[in-house]
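These notes concern the structure reproduced below.
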There are 2 protein chains.
Amino acid sequence: MGAAPLHREVERRLVEHDVRYTRGRRAVVDALADSPGPRSAAELVVTMDDPVPLSSLYRTLSVLEESDVVVPHLATKGIARYELAEWLTGHHHHFICTSCGAVEDIELTPTDEEAVDSLVDRIAERAGYVPTNHELEIAGLCKECA
Amino acid sequence: MGAAPLHREVERRLVEHDVRYTRGRRAVVDALADSPGPRSAAELVVTMDDPVPLSSLYRTLSVLEESDVVVPHLATKGIARYELAEWLTGHHHHFICTSCGAVEDIELTPTDEEAVDSLVDRIAERAGYVPTNHELEIAGLCKECA
DNA sequence: CCTAGAATGAGAATCGTTCTCGTTAACTAT
DNA sequence: ATAGTTAACGAGAACGATTCTCATTCTAGG
């Protein structure tokens with residue numbers, strides 16, 4: 001999704017929730033859109049053109065989360081990382097490096113994603129659940145740490 | 001696994017790592033074995049017969065984690081919850097109910113687990129990672145909430 | 001352009017977790 | 001069993017990520 005349509009979608013969603021789509025919030029959405037994976041507040045600050053105070057950044061992330069524009073990713077102990085919600089970026093999975101703590105997105109091939117989907121459906125049906133979402137998290141060593 | 005064999009297995013593992021299986025560590029393992037799900041440090045304290053200081057409890061959990069006797073579960077923002085490791089309780093995945101928030105273990109059939117394993121290996125190899133662990137989290141509605 | 005209410009920035013406060021250090025308990029060899 | 005050595009423990013301080021407070025600054029609507 002390009003930047004303009006992204007902002008249009010996000011603005012529509014925020015207006016629905018009676019909050020403004022301000023410059024600071026746009027900047028956070030841009031920073032997340034540029035990230036190849038979930039990013040913590042501290043990580044976001046360094047990637048942004050003009051730095052935002054952490055207190056504002058946390059509040060912005062909280063507002064965006066309430067409107068389901070971003071979702072928190074909590075796999076790394078002690079820090080919350082955020083990414084744009086799936087309805088904005090599409091479905092993907094995560095890889096977590098057990099050595100350096102980096103978190104990266106993993107795109108599956110359509111074939112693999114189909115395999116995961118059917119597996120999830122089968123598993124959930126057998127257990128009596130109604131699945132609405134799923135995520136495969138792979139932990140291990142990233143290229144740098146291997 | 002009963003309490004006695006559990007303690008025997010844990011002790012063997014700890015001794016391999018040159019750490020002692022003391023009374024306090026036994027108490028934490030017992031508390032986790034009695035828990036129907038992952039427990040945070042604060043939650044563990046209240047369930048234990050004689051309360052352990054938090055500083056000791058955190059150190060104990062850290063020691064147990066280093067020896068792979070317990071693993072952290074980080075689904076709740078800002079709090080780490082621990083459970084006994086898979087080699088003690090069996091490999092499982094998690095289902096999270098989006099309605100009531102319940103977290104339940106999911107056991108896969110050997111066939112399905114093999115399918116997940118090979119899928120994980122294939123995905124990780126393509127991305128250049130060395131996978132050591134994985135978890136499939138399925139979100140949706142549990143039996144009660146469906 | 002004015003105004004009311006929302007958003008922001010700076011810093012203090014909070015909360016989970018980790019660190020420090022003096023004390024206590026657990027193995028080892030006698 | 002006892003003493004000596006060293007790991008483990010307890011208490012509290014310290015730390016880091018996040019949240020809160022409140023005075024100031026934007027923003028949308030009139």
Side-chain angles (χ1 to χ4, degrees), chain A residues 7 10-32 38-67 69-83 101-103, chain B residues 7 10-32 38-67 69-82:
Chain A
H7 284 309
V10 172
E11 174 150 40
R12 191 168 57 75
R13 175 62 64 97
L14 290 184
V15 169
E16 280 173 14
H17 284 253
D18 296 316
V19 296
R20 300 171 180 168
Y21 197 28
T22 60
R23 208 173 296 109
R25 289 169 185 174
R26 254 170 244 269
V28 172
V29 168
D30 276 329
L32 286 173
R39 289 289 173 265
S40 69
E43 288 166 348
L44 280 176
V45 167
V46 302
T47 69
M48 294 175 70
D49 296 337
D50 68 292
V52 178
L54 275 177
S55 58
S56 300
L57 181 50
Y58 278 111
R59 183 180 29 216
T60 294
L61 289 169
S62 167
V63 167
L64 294 177
E65 185 184 352
E66 275 165 23
S67 297
V69 170
V70 306
V71 292
H73 188 262
L74 307 164
T76 304
K77 189 175 183 175
I79 58 178
R81 290 164 197 266
Y82 291 82
E83 60 187 345
V103 181
Chain B
H7 284 308
V10 172
E11 172 149 40
R12 191 168 55 76
R13 174 63 63 98
L14 289 184
V15 169
E16 280 173 13
H17 284 251
D18 296 315
V19 295
R20 299 170 182 169
Y21 196 30
T22 60
R23 206 173 303 110
R25 289 168 183 175
R26 254 172 243 268
V28 172
V29 169
D30 276 329
L32 286 173
R39 288 286 173 268
S40 69
E43 288 166 347
L44 280 176
V45 167
V46 302
T47 69
M48 294 175 72
D49 296 336
D50 69 294
V52 178
L54 274 177
S55 58
S56 300
L57 180 49
Y58 278 112
R59 181 178 31 213
T60 294
L61 288 169
S62 167
V63 167
L64 294 176
E65 187 183 352
E66 274 166 25
S67 297
V69 169
V70 305
V71 292
H73 189 264
L74 306 164
T76 305
K77 188 175 182 175
I79 305 178
R81 290 166 201 268
Y82 291 82

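Chain identifiers are assigned alphabetically (A, B, ...) following the order of the sequence lines, protein sequences preceding nucleic acid strands; residue numbering begins at 1 within each chain.
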Side chain A/R25, main chain A/R20, donor-acceptor under 3.5 Å: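 Yes, A/R25 side chain to A/R20 backbone: donor-acceptor pair under 3.5 Å.
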A/I79 backbone acceptor or donor facing A/T76 side chain under 3.5 Å: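 Here the side-chain-to-backbone pair does not exist.
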To the nearest 0.5 angstrom, please state how far the [atom1] atom of [X] sits from the [atom2] atom of [Y].
X     : Y     : atom1 : atom2 : answer
A/H73 : B/K77 : NE2   : NZ    : 14.0 Å
A/R26 : A/T60 : CZ    : OG1   : 12.5 Å
A/L61 : A/R81 : CG    : CZ    : 13.0 Å

B/E11 vs B/A41, nearer the 5' end of DNA chain C by closest nucleotide: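 With B/E11 and B/A41 compared, the 5'-side residue is B/A41.
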A/R59/A/S56 under side-chain contact (heavy atoms from CB on, under 4.5 Å): CA gap, chis, key distance, verdict: CA-CA 5 Å; A/R59 183 180 29 216; A/S56 300; 3.5 Å; yes
Could you tell me the separation between the [atom1] atom of [X] and the [atom2] atom of [N], rounded to a whole number of Å?
X     : N      : atom1 : atom2 : result
B/R39 : C/dG16 : CZ    : P     : 16 Å
A/L14 : C/dA6  : CG    : P     : 15 Å
B/E66 : C/dT18 : CD    : P     : 11 Å
A/Y58 : D/dT19 : OH    : C1'   : 10 Å
A/L54 : C/dA12 : CG    : P     : 15 Å

Angle of first-five versus last-five pair axes in the helix from C/dC1-D/dG30 to C/dT30-D/dA1, to 10 degrees: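 Comparing the first five pairs with the last five, the axes sit 40° apart.
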Residue-level proximity of residues 70-83 of chain A to DNA chain D when a heavy atom falls under 4.0 Å: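 Within residues 70-83 of chain A, the residues near DNA chain D are A/G78, A/I79, A/A80.
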Worked check of side-chain contact (heavy atoms from CB on, under 4.5 Å) between B/D30 and B/H7: CA-CA 9 Å; B/D30 276 329; B/H7 284 308; 2.9 Å; yes
A/Y82 and A/V28: CA distance, side-chain angles, deciding distance, side-chain contact (heavy atoms from CB on, under 4.5 Å) verdict: CA-CA 10 Å; A/Y82 291 82; A/V28 172; over 6 Å; no
Heavy-atom side-chain contact between A/E16 and A/S67 under 4.5 Å: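 No, their side chains stay 4.5 Å or more apart.
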Minimum side-chain heavy-atom gap B/M48-B/P51 below 4.5 Å: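 Side-chain contact under 4.5 Å: no.
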Closest contact, heavy atoms only, B/L74 versus A/A75: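 Result for this residue pair: CD1-O, 2.6 Å.
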Please tabulate the protein-to-nucleotide N/O contacts below 3.5 Å involving nucleotides 6-13 of chain D, giving atom names and distances.
unit_1, atom_1, unit_2, atom_2, d
D/dA7, O4', B/R20, NH2, 3.3
D/dA8, OP1, B/R20, N, 2.8
D/dA8, OP1, B/R25, NH1, 2.9
D/dC9, OP1, B/T22, OG1, 2.6
D/dC9, OP2, B/R25, NH2, 3.4
D/dG10, OP2, B/S56, OG, 2.7
D/dG10, N7, B/R59, NH2, 2.9
D/dG10, O6, B/R59, NH1, 3.1
D/dA11, N7, B/S55, OG, 3.0

